[in-house]
Structure formats: structure tokens, C-alpha cells
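I have placed the structure first, in the form of C-alpha cells, so that the comments after it can refer back to it.
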Amino acid sequence: MTNQVRLSTWASNIAPSPTLAVDAKAKELKSIGEDVCGFGAGEPDFDTPEFIKEACIKALSEGKTKYAPSAGIPALREALAEKYRNQNGADGVTAAQCIVSPGGKYSCYLAILAVISPGDEVIIPAPYWVSYPEMVKLAGGTPKTIFVGQEAGFKMNPEQLRAAITPKTRLVIFNSPSNPTGAVYSSLELQALTEVAIEAGIYIMSDEIYEYLLYDGVQHVSPASFSKEAADSVITVSGFSKTFSMTGWRLGTLMAPPAIAKAVASLQSQTSSNATTFAQYGALSAMENWDKSMSAVNAMIEVFDRRRLSLIKGLNAMKGFECAHAQGAFYLFPRIDKFGMSSADFSARILEEEKVAVVPGEGFGAPGYIRLSYATSDEVINKGLERLSRFSASLKE
Ligand SMILES: Cc1ncc(COP(=O)(O)O)c(C=O)c1O
């Protein structure tokens, strides 16, 4: 008798990550010798700063190879609380409110699991990071997206948020700087949105994983810092992956009001247990040597900034592309609907014909756009621009 596969509701409903799929396809083509220009990766093309690696190696040699407290090693939770108090204006935050998790992705998932029950609605401005709606569905919730295109600077406004709130709404997700658009909300914009959420009695999950990757002098603001009410309503998620080039380390963070932090700690203790023990010692050294960390980050930002400007200029010089002046993260999200085909078709064709890997907008809730990551070499950017230009010219004929 053949064993019939019967997947759960959760497994049947979940879509695989399209961004990881593009990256995997580009890597596969490269492995068979194809000269691929990869704009798909969501990770810095820099190595982790040496002193962070050394601290991890030291921890390994000292035998820090055992289980650690599930919510994170106390010194790292303490360092996170200090950072949120001193740098992000989250007055009075304690280590008990800060959790270290196995990746920013897992921080997001646990934040959602902690507040969403079956039937609850979660407001997600689109374009959104691909995983939010899937995580909401895994928690039994319903994602409600609000599309905000390039004309609106890819930013939701308070009226749109207010109009989307129903009695079932329990959470709204903010992500500034944004993946995939690179848009950064101003303090005033975030404040107005936060006030709407507080008035309606809903939680905010503020994903700030790109908080240090900013250009043109724009500033990052944490909604949890706005007021006592905000501190009680905001779950701040972040991680070490993007800022410190530590994507493979799998270290995320979460800061939440005490009762939510406690719930997240329980969820984590029953699902993943602690984030890798010796990796946390590397992260601790990044926090304890902040000046050193920031000089490594600033060196990376300088390179990203140069690439950002040349890519925006290059794209806007081609017919058919319309690229906004993104000021954060390391993504651009140009409009390509003038080419008269879906983003999925556009991306598949450009990979096939020109060996350029980009991520189609559909997975971000934004058909008509594609995402390009400039966390890639100058060589790839220059060569990629030539190929994109040739491709767009060929479509015009
Ligand atoms: C907006 C956003 N949040 C969270 C994450 C999760 O990062 P990680 O799990 O590597 O810490 C990512 C990674 O791409 C992201 O873009």
C-alpha cells in the first residue's frame, strides 16, 4: 500500500521564500560555470568583522559549547537593554525585556505567535518583506495588506492605517528601513502611525533590522521610544545579520513589554531553545566594542552608498525603469510595469537571457516591481547595468 502524503494546513498553505529561491537559482547557475550577475541576495557581501569572529573563536576554545539560558546569555541581554535605552530612547527597558533568538526571522515569528490567535487580523503595508504574511498565516491569523506604491514613497499614511483597522485587528507591522523598498519613515510619520495604533489598542511589530544602514543623513527612530503607551504597544525586532555582516550566525533580537517578552521567552524555550551559545559571545563583543563595530559598519555603508547612487542613476537612465531614491537598507525597488509583462516573467527572462538575477515583486505583494540588492560587488553592478540596459533596449524593439 502506498503511503499517501497528507500535509498539515500550515504546511499546505505556506509558500517557500522567493528571495531565497532566486539566490539558490543564481548560485546553482554559478556552480555550473555561468557568469551570473546576482542582485538577489539579502546579505552584505562583506565578511563579519575580525574582532567579532575572534570573540566567538575564544568562546569556543573556552568550552562555551553547552546549552545557554533559552532567552539568551545574560550579558548580551543586558548589553541589548543598554543599547535600547541609550541609543533608541527606550527609557527604562530591562534585560528581561530583551530576547536573543536564532535569527531576526525567528524573532518576527515569535513576536507574531505571541500576540496573534486564529481569526485575528494583521495589517501589513505592501511592498512587504516576504515572510510577514506567511508567518501571520502560520499563527492562524489573516494578513490584511495595504498597498503603498512608489508615488506614496512606499509609505503607509495614518488615514490608510485607520481605515484598515477592524474589530479583529490585533497587530500592524512597521519595517523602516524597508526590505524591499529601502524607504525610511521620518520620526513624524512613524509617530502619527503609532498614535493611530495606540488609539485603536493594537500592537505594533517594528522590524528595525536595517536601522544602521542609512544614507543621505536620514535618522532612524524606534516607535517604542515615543511614549509610555508606545513602549507598552511596540514589539521591536532586529538582529545582527545585516548590520554586522553576520547572516550565517543566526542571531536575532527582540525587545517587548514585559509580559510579551515573557511569552516570547516561553515560546522560544519550547521550540528552538537558545541561539547558538558561542555565536552569542561574538555578538556580545560587537556590543561591547561599539566604536569598533560602528567603524566597520560605516566602512560598509560608504561602499553601499556609492553603489546605491550608481545603481539608481544607471536604472533611471534606461527606458522602462523608474527607480525611487531609496535611503536605507541595501535594496532598490524599481517599477518595471512599462515593459508590459509580469515581474515574474521579467525576472525569469532576464535570468535566462542575460544571466541577471533579480527578485520579482509579486512575493513582496507588489507586482510591477523588481527588487535589486546592491549588497554585491561593483563589478557585478557595472556588468549588471550593462546587461539590464541591453535587455530593456531589446524589449523596445
Ligand atoms: C525585513 C527583514 N526582517 C528580518 C530579516 C531576518 O534576518 P535574519 O533572520 O537573517 O536575522 C530580514 C532578512 O532578510 C529582513 O529583510
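Just so it is clear, the model here is predicted, and its values are computed rather than measured. Just follow the structure's listing: the first ligand is 1, and inside any ligand the first atom is 1.
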Margin query: I want to know whether Tyr212 and Trp290 have ring centres closer than 6.0 Å.
Written below: yes
Checklist line | Residue contacts for ligand 1, heavy atom to ligand atom, distance under 4.0 Å | finding: Gly103, Gly104, Lys105, Trp129, Tyr132, Asn175, Asn179, Asp207, Ile209, Tyr210, Ser241, Lys242, Arg250
Item checked: Test log, rule side chain to side chain contact (heavy atoms under 4.5 Å, CB included), inputs Tyr128 and Asn175 -> CA-CA 8 Å; Tyr128 46 69; Asn175 173 218; over 6 Å; no
Notebook entry, point to check: What pairs with Glu28 under salt bridge (charged side-chain N to carboxylate O under 4.0 Å, His left out), at least two apart in sequence or on another chain?
Noted result: none
Next item on the list: Indicate the ring-plane relationship of Phe330 and Tyr210, choosing parallel, tilted or perpendicular according to the 30° and 60° boundaries.
Entry: perpendicular
Check: Does a salt bridge link Arg335 with Glu151, judged by any charged N lying under 4.0 Å from a carboxylate O?
Finding: yes
Margin query: Testing the 3.5 Å rule here: is there a donor-acceptor pair between the side chains of Glu379 and Ser377?
Written below: no
